Amino acid sequence: MNQEKPPLDPHPLSEYVAWAGNRNREPLMGVLKEKLPKDPARVLELASGSGMHINYFAPHFDHLHFHPSDKDEEVFDNIKQLRQEQGNDNIADPMHLDLTNPDTWINPDTKGTFSALFCINIFQVAPISIADGMMACADHYLDEDGILLIYGPFQVQGTFTTDSNKEFHDTLSGAGVSEWGLKDVADLQKAAARHGLELKERIDMPANNFSLIFGRINAQEKSL
């Protein structure tokens with residue numbers, strides 16, 4: 001049964017966020033099964049919010065250890081409650097991580113400790129300025145072959161790929177919050193390049209969304 005769409009509300013514990021998360025989790029599962037490491041590894045979720053995604057995905061990857069994170073510590077109890085209710089023993093305690101504050105992730109002991117990072121549905125309600133922090137965070141945390149997966153709706157080279165994405169952008173912009181609206185993939189690429197990363201793949205997803213896969217620029221590419 002399709003749940004009726006609740007009113008727009010970006011709070012991580014809102015009914016709207018839960019509705020949107022339920023819509024996208026199965027297609028995302030398919031991408032994660034293809035892109036996440038096949039050997040034991042650690043995976044970090046940025047901006048975990050309620051924890052609904054990480055707790056849904058984790059049971060399907062027994063060989064991986066998942067680490068939720070968020071700048072808002074009020075969501076931590078919800079993440080841990082879901083973990084307990086679902087018996088997910090491959091999820092660590094949530095960690096405080098603010099993409100606008102490097103002090104929350106820069107630590108020599110944690111450099112290169114994750115094989116994958118992922119972030120779901122954040123940029124439409126976050127300023128594009130956090131892209132720089134996200135790429136710097138990925139540069140610090142990812143191992144040499146690691147990936148950063150960013151999921152959501154985006155503009156491409158200044159254009160909307162569908163009328164519905166333009167309508168969604170207009171709805172967000174009309175809410176009167178300056179940072180709300182669909183960001184451009186090109187701006188994420190610029191931020192990535194500043195930190196030695198590049199867009200490796202853009203995957204079309206249902207509901208006119210994308211999965212953007214970023215990885216390190218290899219040595220040969222850097223020399224060109």
Side-chain angles (χ1 to χ4, degrees), residues 20-38 41 43-49 53-54 56-57 60-61 64 99 114-173 179-222 224:
N22 284 331
R23 291 176 74 217
N24 63 38
R25 63 186 187 179
E26 286 300 333
L28 268 169
M29 177 74 76
V31 174
L32 292 175
K33 285 184 176 180
E34 180 183 349
K35 301 299 180 181
L36 288 183
K38 303 302 187 286
V43 176
L44 172 66
E45 182 181 25
L46 302 171
S48 295
H53 283 113
I54 203 166
Y56 182 75
F57 296 141
H60 298 269
F61 301 92
L64 300 177
L99 292 171
F114 291 95
S115 295
L117 276 63
F118 68 95
C119 184
I120 297 170
N121 278 337
I122 186 66
F123 277 103
Q124 61 265 40
V125 291
I128 191 58
S129 58
I130 70 163
D132 198 70
M134 185 176 294
M135 298 304 172
C137 182
D139 179 39
H140 174 78
Y141 274 132
L142 286 176
D143 61 27
E144 192 60 31
D145 298 319
I147 63 164
L148 165 65
L149 185 155
I150 302 174
Y151 171 89
F154 292 95
Q155 297 183 55
V156 178
Q157 297 295 335
T159 64
F160 297 98
T161 56
T162 64
D163 290 341
S164 61
N165 272 359
K166 175 65 165 60
E167 292 171 5
F168 185 38
H169 174 80
D170 290 344
T171 298
L172 290 167
S173 300
E179 62 264 28
W180 288 13
L182 271 61
K183 311 308 188 294
D184 201 303
V185 174
D187 290 324
L188 271 66
Q189 291 178 271
K190 292 174 185 175
R194 290 194 288 270
H195 298 281
L197 303 171
E198 65 180 354
L199 181 63
K200 301 288 189 179
E201 189 175 1
R202 190 183 83 197
I203 303 170
D204 291 338
M205 303 290 290
N208 305 309
N209 292 326
F210 297 110
S211 285
L212 307 176
I213 311 294
F214 290 86
R216 295 194 185 280
I217 301 172
N218 63 43
Q220 182 178 3
E221 291 174 318
K222 289 180 181 179
L224 296 177

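This structure is a prediction, so every number in the text was calculated from the model and none was measured.
What you find for Q157 and D184 is that their closest heavy atoms are N-OD1, 3.1 Å. In this structure, L46 and C119 approach most closely via the heavy-atom pair O-SG, 3.8 Å. Nearest heavy atoms, R202 versus V156: NH1-CG1, 3.2 Å. The nearest pair of heavy atoms linking A138 to L197 is CB-CD1, 3.9 Å. When all heavy atoms are compared, the tightest approach of L142 to R216 is O-NH2, 2.7 Å. Nearest heavy-atom pair, H195 versus A191, reported as atom, atom and distance to 0.1 Å: CD2-O, 3.3 Å.
Side-chain contact between M135 and L148: present, with at least one pair of heavy atoms (C-beta onward) separated by less than 4.5 Å. Side-chain contact between C137 and H140: absent, with no pair of heavy atoms (C-beta onward) separated by less than 4.5 Å. Annotation: side chain of I203 is in contact with side chain of V31 (closest heavy-atom distance under 4.5 Å). With contacts defined as side-chain heavy-atom distances shorter than 4.5 Å, the pair V185/F154 qualifies.
At distances below 3.5 Å, not a single donor-acceptor pair connects side-chain atoms of K35 with backbone N or O atoms of G30. Remark: the backbone N or O of F214 is not paired with any side-chain donor or acceptor of K200 at under 3.5 angstrom. A donor-acceptor pair is defined here as one N or O able to donate and one able to accept, closer than 3.5 Å; no such pair exists between the side chain of E179 and the backbone of A126.
Between the side chains of N24 and H53, at least one donor N or O sits under 3.5 Å from an acceptor N or O. When only modelled atom types and interatomic distance are considered, Y151 and N209 share a side-chain donor-acceptor pair under 3.5 Å.
Rounding to the nearest 0.5 Å gives a distance of 11.5 Å between CD of E144 and OG of S115.
For the salt bridge (charged side-chain N to carboxylate O under 4.0 Å, His left out) test with R194, the passing option among D132, D139, D187 is D132; the others fail.
For D145, the side-chain contact (heavy atoms from CB on, under 4.5 Å) criterion is met by D143, not counting sequence neighbours.
Taking the six-membered ring where tryptophan is involved, the planes of F118 and F57 are perpendicular, since the angle between them exceeds 60° and thus also 30°.
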